[in-house]
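These notes concern the structure reproduced below.
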Amino acid sequence: MSEGCKKIEHLIEPYLDDELSKTKKDKVERHLHACEDCQLALEALKLQGGLLREEIEAEADKVDFAGFEDRVFQRIRQEKPPSFAERAGAWIREVAYYYRAVWITSLATAVLLVAILVPLLSRDTTPGTGPEVRVAEADNQVIIDSMEYAGQRSMIFTVSKNNTTVIWLYDFDRAEGQDQGDDI
Amino acid sequence: MATDERQLVRRAKRGDEKAFRTLMERYRRKVYSIAYGMVHNPEAAYDICQEVFIKVYRYLGSFQGSSSFYTWLYRISVNLSIDWLRKQGRVDLVDFDDSLARREPDGAEAMVVPKVQDSDPLKALGRKELREQIARAFESLSEKHRAVLLLREVEGLSYDEIARALKIHKGTVMSRLHHARRNLQRSLRTYVQSGGKEKRMAEK
């Protein structure tokens, strides 16, 4: 494998899947034009994708879907509908997932505001008391708080001793580590 | 999502059975393909296909119009298929595919297949055999790998759409696709190589 191949190796699949920008696409095409090995690698990927598609299509061709919709409606009428709580839970999960970008930004802003305003307000509302006194009073206090939703977590450590607040926002791939099947 | 589909979904949400019927006609085959690809059992796949639409009908109210209807539909299809596999005790607890793939050095393992395809007199037969082999190899992949491959190769979803359908990151989609394809390729290569040996022995 040449240096040129190594440079574009990771782009072959996104190229095949039409996921590259125009610049990267051109780069891959220039290389493919000159490199038979990479052409073959691409052809092999195309072939196996095509074979898989043919296989699944052939299986789907065997199915007679006549009366399918009627059977579905029949079952809908016969089977017990989900409870309000189940439907509400599904709705919340969907909303939480699709608007998580907005939620996370709002949460982060809210957390920062609280972190900044609380120490400031607590000093302002106690005139005559120096910050050193308050620090001494609140010595050894560590508040840890955490929140979680839609696969995102945030953890807040507030250390009163030196007035430090650590906000730790992290997310984890729920699908990797946990069950996926509990969604609706 | 096409305007006409948006309207269909909106009408179905309001309880319009005719609109829901049209959605079923449009997607039943695709849902069946995903279910079949996941469970490899025609009767179970047909049943899962029905269950998917029952669920869709019941939970249409929770569907967020900001995403495509089909990414939501495909997610339900994959999840119900995995539920079925779980009931059969057929869900992999450990993803062996990824750990195996990492052991293989990067390199020219993709080269064998096109050469077989080019051997002209056996082209039709070769393709059929390869297809059967692909089906076997595909069945041996983990359900996570099967799901990304089905959504990409059979349903033609983009990486972003797959990420939304499976609620995983785009990077995870790319990595799973890569490992899944590599495992299929390895299986085909082994088949082609052993096939070659058998043929040589038969000629002697």
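Throughout, a chain's letter reflects where its sequence line sits, starting with A, and its residues are numbered from 1.
The ring pair (Phe, Tyr, Trp, His ring centres under 6.0 Å) test applied to Tyr57(B) returns Phe73(A), Phe20(B), not counting sequence neighbours.
Classification of Glu55(A) and Arg131(B) as a salt-bridged pair holds, one side-chain N sitting under 4.0 Å from a carboxylate O. Looking at Asp47(B) and Arg75(A), a side-chain N of the basic residue comes within less than 4.0 Å of a carboxylate O on the acidic one, giving a salt bridge. Taking 4.0 Å as the cut-off between side-chain N and carboxylate O, Glu57(A) and Arg29(B) count as a salt-bridged pair.
For Asp18(A), no part lies near chain B; criterion is any non-hydrogen pair under 4.5 Å. For Arg152(B), the part lying near chain A is the side chain, with the backbone staying farther off; criterion is any non-hydrogen pair under 4.5 Å. With a 4.5 Å cut-off on non-hydrogen atoms, Ile134(B) touches chain A through its side chain but not through its backbone. Heavy-atom distances place no part of Glu155(B) under 4.5 Å from chain A, backbone and side chain included. With a 4.5 angstrom heavy-atom cutoff, Gln39(A) does not touch chain B via any of its atoms.
Heavy-atom pairs under 4.5 Å with chain A were tallied for Arg28(B), Gln133(B), Met24(B), Glu132(B); the largest tally goes to Arg28(B). Top candidate by heavy-atom pairs under 4.5 Å with chain A, chosen from Ile34(B), Ile54(B), Leu184(B), is Ile54(B).
Considering every non-hydrogen atom in both Arg181(B) and Gln48(A), the closest pair reads O-NE2, 3.1 Å. The nearest pair of heavy atoms linking Arg53(A) to Glu153(B) is NH1-O, 2.6 Å. Residues Phe68(A) and Cys49(B) approach most closely at CZ-SG, 3.6 Å, considering heavy atoms. Closest of all the heavy-atom pairs between Val72(A) and Phe53(B) is CG1-CB, 4.0 Å.
Residue pairs meeting the side chain to side chain donor-acceptor pair (under 3.5 Å) criterion with at least one partner in residues 31-44 of chain B, sequence neighbours excluded, do not occur; the list is empty.
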